[in-house]
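Just so you know, these numbers use all the heavy atoms, side chains as well, and skip hydrogens, waters and symmetry mates.
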Amino acid sequence: MNLEGVEKTMLLTLYTKAKHSQKPNHKFFDYMAIDIISEIDYDFSIADKDRSMQMGVISRTIVLDDMVSEYIRSHPKCTIVNIASGMDTRFNRLDNGIIKWYNVDLENSANFRLNYIKDTERVKTLAYSAMDPSWAEEIEASGDVLFIIEGLTMYLTEVENKQILDIIDENFKSCTIFTEIMPPVSVENVKEKSVEEMDAKFIWGVQDGFELRRLNPRFNWVKDVNLFDGMNVYKPITKLFT
């Protein structure tokens, strides 16, 4: 499939969403993930064995779906930019029939995506590195803009993460960013076997979202949302120790 390292993790997340969607007690339903996984000839046994990865993907999907849905309700004509989109299918789960959506990813990943998920009038895939400012020039947005940065920051250096924030700052007068971060203790100690076997490693993190302001102080910190919020919805028993 010509995918390398971190790029392959997008198959793990897609498979996990498809598998979860087929369970009777699913917390979200992703019909497109199910359809795509049925078409991809790949050994997903590595994902089946990694409970930690599964729990993380499902929990963050629950959290971000809720956050993005709320944003769309408040800004029904918004433009959403999904950075390092991989095989994400959130648009298909949350579309209100009006929003515009851009998926930004490396050329290799973007081309792989387009084999299974075609662009439409309101959905466009841009083949760029998140650190290449050229992608920002292709975003057509006159109103509210939401950026989603999911499952990326922990694989990049601090300098690279700063580059992404600077690109957004330099090209958009105002916007909201939902970004997943990982605290340093997790970067050092969390081991997701399926991720490591794909030669992808966590390398950077911050303790909380407020710390991101030192990368670019022109942004305001709004709030942190804990991944455990999604875990508690998925597995209510976790409330006992989260």
Side-chain angles (χ1 to χ4, degrees), residues 60-86 88-106 109-110 113 119-183 204-227 229-230:
R60 80 182 187 198
T61 300
I62 291 171
V63 168
L64 277 170
D65 273 10
D66 184 59
M67 292 173 64
V68 176
S69 292
E70 182 179 344
Y71 186 90
I72 292 174
R73 284 193 296 269
S74 301
H75 310 83
K77 296 182 180 181
C78 67
T79 297
I80 297 179
V81 183
N82 191 10
I83 296 180
S85 58
D88 182 70
T89 51
R90 182 167 284 115
F91 171 85
N92 301 87
R93 295 196 300 274
L94 307 183
D95 179 32
N96 67 350
I98 306 173
I99 60 173
K100 291 194 298 183
W101 191 288
Y102 291 87
N103 294 298
V104 180
D105 212 334
L106 297 170
S109 298
R113 174 189 179 85
D119 283 355
T120 67
E121 184 179 347
R122 291 185 292 112
V123 180
K124 186 174 183 180
T125 300
L126 305 178
Y128 294 101
S129 162
M131 285 79 74
D132 181 347
S134 299
W135 63 258
E137 300 174 5
E138 296 201 37
I139 305 296
E140 297 179 4
S142 57
D144 303 301
V145 183
L146 171 66
F147 289 90
I148 303 172
I149 308 175
E150 177 184 2
L152 176 65
T153 64
M154 61 287 298
Y155 294 111
L156 303 180
T157 66
E158 180 173 300
V159 171
E160 290 169 331
N161 277 291
K162 175 176 169 51
Q163 283 180 289
I164 296 173
L165 292 181
D166 288 346
I167 290 170
I168 296 174
D169 175 30
E170 292 164 6
N171 290 276
F172 300 88
K173 292 182 179 180
S174 64
C175 64
T176 300
I177 302 177
F178 295 162
T179 182
E180 182 185 6
I181 58 174
M182 182 176 282
W204 181 82
V206 289
Q207 190 60 38
D208 53 51
F210 186 79
E211 285 190 41
L212 293 175
R213 293 190 73 252
R214 62 183 170 82
L215 303 187
N216 187 315
R218 287 166 56 82
F219 286 99
N220 295 316
W221 171 82
V222 179
K223 65 177 179 179
D224 285 327
V225 179
N226 201 306
L227 190 68
D229 293 348

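- Using cut-offs of 30° and 60° on the angle between ring planes, the pair Trp135 and Phe147 is perpendicular.
- The closest donor-acceptor contact from the side chain of Asp144 to the backbone of Cys78 lies at 3.5 Å or more, if one exists at all.
- Ionic pairing of Glu140 and Lys124 is not present here: no N-O contact between side-chain nitrogen and carboxylate oxygen is shorter than 4.0 angstrom.
- A side-chain donor-acceptor contact under 3.5 Å links Thr157 to the backbone of Glu160.
- At a threshold of 4.5 Å between non-hydrogen side-chain atoms, the residues Ile139 and Phe172 count as touching.
- Annotation for Arg218: atom CZ does not count as buried by contact number, only 12 or fewer foreign heavy atoms lying within 6.0 Å.
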Practice task
Apply side-chain contact (heavy atoms from CB on, under 4.5 Å) to Val68 and Glu150, showing your working.
Solution key: CA-CA 12 Å; Val68 176; Glu150 177 184 2; over 6 Å; no

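- By the 4.5 Å heavy-atom criterion applied to side chains, Asp65 and Arg90 are counted as neighbours.
- Judged by distance alone, the side chain of Arg213 and the main-chain N or O of Phe219 form a donor-acceptor pair under 3.5 Å.
- Rounding to the nearest 0.5 angstrom, the gap separating the CD1 atom in Ile167 from the CE atom in Met131 is 8.0 Å.
- Put simply, the side chain of Trp221 does not reach to within 4.5 Å of the side chain of Leu212, judged on heavy atoms.
- Once rounded to the nearest 0.5 Å, the distance linking CD1 of Ile72 with CG of Asp95 reads 7.5 Å.
- At least one side-chain heavy atom of Ile148 sits under 4.5 Å from a side-chain heavy atom of Trp101.
- Formation of a donor-acceptor pair under 3.5 Å by the Asn161 side chain with backbone atoms of Ile164 is not found in this model.
- In this structure a side-chain-to-backbone donor-acceptor pair under 3.5 Å is missing from Lys100 to Thr79.
- No side-chain heavy atom of Leu156 sits under 4.5 Å from any side-chain heavy atom of Gln163.
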Problem - Met182 and Thr153: CA distance, side-chain angles, deciding distance, side-chain contact (heavy atoms from CB on, under 4.5 Å) verdict - result: CA-CA 8 Å; Met182 182 176 282; Thr153 64; 5.8 Å; no

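- Between Ile83 and the choices Thr179, Ile168, Asn103, the side chain to side chain contact (heavy atoms under 4.5 Å, CB included) rule is met once, by Ile168.
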Exercise for the section: Apply side-chain contact (heavy atoms from CB on, under 4.5 Å) to the pair Ile181 and Glu211, showing each step before the final yes or no. Expected result: CA-CA 10 Å; Ile181 58 174; Glu211 285 190 41; over 6 Å; no

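- Expressed to the nearest 0.5 Å, how far OG of Ser85 lies from CG of Leu126 amounts to 9.0 Å.
- For the 3.5 Å distance criterion, the side chains of Tyr128 and Glu138 qualify, holding a donor opposite an acceptor.
- Inter-residue side-chain proximity for Val206 and Arg214 is flagged as met; some heavy-atom pair is nearer than 4.5 Å.
- In this structure, the side chain of Asp169 does not engage the main chain of Leu165 through any donor-acceptor pair within 3.5 Å.
- Salt-bridge formation is not detected for the pair Asp105/Arg113: no Lys NZ or Arg NE/NH1/NH2 atom is positioned less than 4.0 Å from an Asp or Glu carboxylate oxygen.
- Residues Ile80 and Phe91 form no side-chain contact, since every pair of their non-hydrogen atoms from C-beta on lies 4.5 Å or further apart.
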